[in-house]
Q: 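First, the structure itself, so that you have it in front of you.
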Amino acid sequence: MKYESRIMEAKWQKKWEEAHIFEAQDDFSKKKFYALVEFPYPSGSGMHVGHIKAYSGMEVISRKRRMEGYNVLFPIGFDAYGLPTENYAIKTGIHPRAVTDKNIERFTEQLKRVGFSFDWSRVIDTTEEGYYKWTQWIFLQMFEKGLAFRDTTLVNYCPSCKVVLSNEDSQGGKCDICKSDVIQKAKDVWYLRITEYADKLLEGLEEVDYLPNVKLQQRNWVGKSTGAFVNFSLKGCDEKLRIYTTRPDTLFGVTFMVIAPEHPLIEKYSQSIANMDALTAYKDECAKKTEFERTQLVKEKTGVRIEGISAINPLNGKEIPIYISDYVMMGYGTGAIMAVPAHDERDYDFAKKFGIDIIPVIKGGNIEEGAYTGDGEMINSSFLDGMTNKKDSIARVIAFLEEKGIGEGGVQYKMKDWAFNRQRYWGEPIPVVYCDDCGMVAVPYEELPLRLPPMQDFKPGEGGESPLASLESFVNCACPKCGKKARRETDTMPQWAGSSWYFLRYIDPHNTDALADKEKLNYWMPVDWYNGGMEHVTRHMIYSRFWHKFLYDIGAVPCAEPYAKRTAQGLILGTDGEKMSKSRGNVVDPNLVVDEYGADVLRLYILFMGEYEKAAPWSENGVKGCKRFLERVAALTDIMTNGEGKLTTSTHKLIKKVSSDIEAMKFNTAIAAMMGYLNEVSEAGTISKDELLIFVRLLCPFAPHIAEEMWETLGMKGFCSMAEWPVHDEAKTVDSTVEMAVQINGKLRATIVLPLNADREAALAAAKAESRVASALEGKSIVKEIVVPNRIVNIVVR
RNA sequence: GCGGGUGUGGUGGAACGGCAGACACGCUGGUCUUAGGAACCAGUUCGCAAGAGUGUGGGUUCAAAUCCCACCACCCGCACCA
């Protein structure tokens, strides 16, 4: 048989589609397997090979599961709301709807050409009404429960995209879309109260099987810390200054306090402050700094003392100064800290620069040299003196604070609530109405979906408001509660809304009465195995776990965690070893590879190029190698014999190796083993039909088109894709003879061939009979003889 | 700074503490061809050799790429989080 990719691929892709073999059945009596990959954003540039790699892992596993008899759900869809499409539409004047449809069509065609075994009957599109109706439904559920709310705070704002961004969307102080510097701006925005789920998000990690670094990154992102809130009395005004600290045990060492430059205290008591000019000047200076300057470059502490107001240490009554400094952030804790220079490096630096007292309260350090952050005996601390256990001291202080009513234990999270609205057109409209009398009113459920109205001009407004704000017919409406004239919310949801629950919709994509049928959810959830990119770990993964946990709490889904297992693929780099990007011009188009070499070759090479979880550079020559392999595989039908096979042991070893490697996502070594087997067959010059049928089935998840073609050529009925996965016989994986290494003092001197499980004496005798061994032993005395059966003989001589 | 990871031929990469370099690329030589940027065959860690060899230096062990300690380099997160 010859390897003719074009003919085979067209033929089998058509047959698969006509037979619907990859469509999941809602047959609850079968054992199920739900495999999930991150659905693509259908960008204008089409797919690149990175997409193919991202899907190839679960593709192989799904195909293997089907052959093992599982009812497999392996769906695909499109996460189609988002800024790039809208920006493209603004530039070209083509409506985002049209652009999206065209892009989805192109992506679909590309995916199909690779021969992925997706269930195409369940495709979803987050911008489709039947889908976003339920995105809005979930939002309203959250709104009802107080988890969706409006608040005026400092938010991340991208001046270039003219949108508010969530913390997750502005990691590193850069806009996720255009990479420009994000600024902090006070704005009245929608939030989802994800912080209320912070503990649940942490606890849930205990019960799931995620890659360790995925769990770690999520834990860090949530960033839970435990400590205490303390209220310091102020001299000069009658308010308390509330701070958060993780080290209340060092309270006797507090010699000053620091508040963030934006702290409201300053404005509020400007009358009592003698140096407002200096404070305002400092504040302005800080506001001008970019995130980068503030966090990366600044080593030297800066700040200004507030004249006219000071604080009282609640434990010892000492009067201490208050400073403003940008090393304290308004966004974390209370925006104010108690400074303990003896035991905190930042406070130490600040105290040194401003000549503030440094009082040690824990034995062990040297305040001339620096802050001591270790443990030790408490000193200078009144009732804490002599205590040596940090935990006990902290508990003691918190008990004291609570008793006296000057503070209490508490926790803080780095994670912030999810800034949820975008001043953009191409997103799900937020289904809320503003009524002068009734305030914020939810759009009634029966009116969902609240449709995104068609518009001609969807450029953002001059004042940074959503394009929808200019559409009177959309904005003006009747209040659902009182019927009076009211106005609609005109902002839309962020891109991450649709993807926060899409895995649920695949289970029942056409349901009009619920986001998915309960019975079906019971059967299919949770997702058994989810593979995707590391870049989504602190964003999509966190968001979707949050939504899912909320849905679980309101009884809409049957399990607390959506994903039982999570793995991640590494990037495909350009041939230059750099990340693929349009600007570098090193992007590889999968279509061209399919055209020239075939889909099976592309699939095989992507999984063979290196460890699945690691980044690896593209190599055209590597692709050719995989093509050669498939050509040689196709030719096996020419040398096949009908008799007894001679490769029993190798065949069973191969079944074992390929089966276990697939489970461990070690696709590269699974393929290498198949290549090795082929080399062995070539050397033997023969393969039996039974052996070839096994080989073809093992190859099928990787290169399904050629596998099907060979299956048919060998006279088999049905699809190879649905054939039974071979099972190895452990007894048959063992050779009757073994080659053992013989070492003298740990150095290899010879190899011997012995029957399996030969005893110690036989092994030693055979070893000593080797001439190189004998000559090495000559004139030496044997100190020790080690024999590890079937492995090694090591003779220690002197 | 903190946390995590990775260092193996010319290249991508294999190796339950037990024969380092599987598999593939590339390269060299050959066969076949009008031709070869096709296909096939042989060779290919370095070194003429003794021997050496898995980032560096120690250690444990009969035996270390693998385990332990210190260091170096690179990559990825987080980053003045109180």
Side-chain angles (χ1 to χ4, degrees), chain A residues 171-173 211-214 216-221 223-225 227-228 243-248 250 257-258 260 291 294-296 298-302 325-329 331-340 343-347 349-350 412-416 534-535 537-538 570-571 573 577 604-605 608-611 613-626 628-629 631-632 635 666 668-679 682 739-752 783-797:
Chain A
Q171 299 188 26
L211 289 178
N213 57 338
V214 171
L216 189 79
Q217 278 192 32
Q218 293 207 350
R219 283 203 184 95
N220 289 343
W221 188 257
K224 182 176 184 172
S225 86
I243 61 97
Y244 175 73
T245 178
T246 54
R247 298 297 304 274
T250 60
M257 304 192 71
V258 185
E291 184 83 9
R294 234 190 62 244
T295 60
Q296 314 271 41
V298 182
K299 295 259 158 64
E300 185 97 343
K301 294 280 180 288
T302 57
S325 173
D326 64 354
Y327 85 91
V328 172
M329 313 289 143
Y332 184 79
T334 61
I337 62 157
M338 61 178 220
V340 187
H343 306 290
D344 181 285
E345 284 168 27
R346 294 153 300 171
D347 298 345
D349 293 344
F350 194 89
Q412 277 296 304
Y413 303 93
K414 283 192 219 173
M415 188 171 69
K416 294 182 193 161
M534 283 306 291
E535 70 275 19
V537 166
T538 54
L571 292 175
L573 306 173
L604 205 64
Y605 172 64
F608 180 63
M609 58 198 295
E611 209 177 305
E613 282 155 32
K614 276 184 25 187
W618 186 264
S619 150
E620 184 91 14
N621 284 323
V623 179
K624 287 179 190 161
C626 287
R628 274 198 277 272
F629 169 65
E631 283 167 347
R632 291 174 62 207
K666 292 170 77 173
N668 54 336
T669 50
I671 294 166
M674 288 191 277
M675 289 172 166
Y677 182 81
L678 176 68
N679 290 343
S682 300
E739 197 183 49
M740 288 174 70
V742 181
Q743 298 179 336
I744 305 295
N745 288 346
K747 292 217 189 315
L748 183 71
R749 289 293 176 238
T751 58
I752 52 177
V783 178
K784 201 170 181 180
E785 293 170 329
I786 293 118
V787 178
V788 182
N790 302 325
R791 286 188 175 262
I792 205 158
V793 174
N794 189 10
I795 301 171
V796 184
V797 298

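Nothing here was measured: the structure is a model prediction, and the numbers come from that model. All chains are named by letter (A, B, ...) in the order of the sequence lines, taking the proteins before the strands, and each is independently numbered beginning at 1.
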Q: Round to a whole Å and report the spacing from CZ of A/Arg632 to C1' of B/C40.
A: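 Roughly 10 Å, once rounded to whole Å.
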
Q: Which atom names give the shortest non-hydrogen contact between A/Pro617 and A/Met609, and what distance separates them?
A: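 That closest heavy-atom pairing would be O-CE, 3.4 Å.
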
Q: Considering just the side-chain nitrogens and oxygens of A/Arg628, establish if one lies under 4.0 Å of OP1 or OP2 belonging to B/A38.
A: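 No, A/Arg628 has no side-chain N/O under 4.0 Å of OP1/OP2 on B/A38.
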
Q: Within the structure, does a side-chain N or O atom of A/Lys666 lie under 4.0 Å from either OP1 or OP2 of B/C23?
A: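 Answer no for this pair, as no side-chain N or O of A/Lys666 is under 4.0 Å from OP1 or OP2.
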
Q: Among B/G12, B/A24, B/A15, find the nucleotide with the atom closest to the side chain of A/Pro617.
A: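 The answer is B/G12, which lies nearest to the side chain.
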
Q: Scan nucleotides 57-68 of chain B nucleotide by nucleotide, 5' to 3', and note B when protein non-hydrogen atoms come under 4.0 Å of the base, S if they reach only the sugar-phosphate, - if neither.
A: -----BS-----

Q: Considering non-hydrogen atoms only, spot the tightest contact between A/Asn794 and A/Gly746 and give its length.
A: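 The answer is OD1-N, 3.1 Å.
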
Q: With heavy-atom distances below 4.5 Å as the criterion, would you say the side chains of A/Val796 and A/Glu785 are in contact?
A: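 A side-chain contact under 4.5 Å is absent here.
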
Q: Between B/A79 and A/Asn220, is there an OP1 or OP2 to side-chain N/O distance shorter than 4.0 Å?
A: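 Checking A/Asn220 against B/A79: no side-chain N or O falls below 4.0 Å of OP1 or OP2.
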
Q: For RNA chain B, what string of dots and brackets results from 5' to 3' when Watson-Crick and G-U pairs need both distances under 3.5 Å, crossing pairs get [ ], and pairs with another strand get |?
A: (((((((..(((.....[....)))((((((.......))))))((....))..(((((..]....))))))))))))....

Q: How far apart are the closest heavy atoms of A/Met338 and A/Asp347, and which atoms are they?
A: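 Smallest heavy-atom distance, with atoms named: O-OD2, 4.0 Å.
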
Q: Is the Lys NZ or Arg CZ of A/Lys414 less than 6.0 Å from the centre of A/Tyr332's six-membered ring, within 45° of the axis?
A: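 No.
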
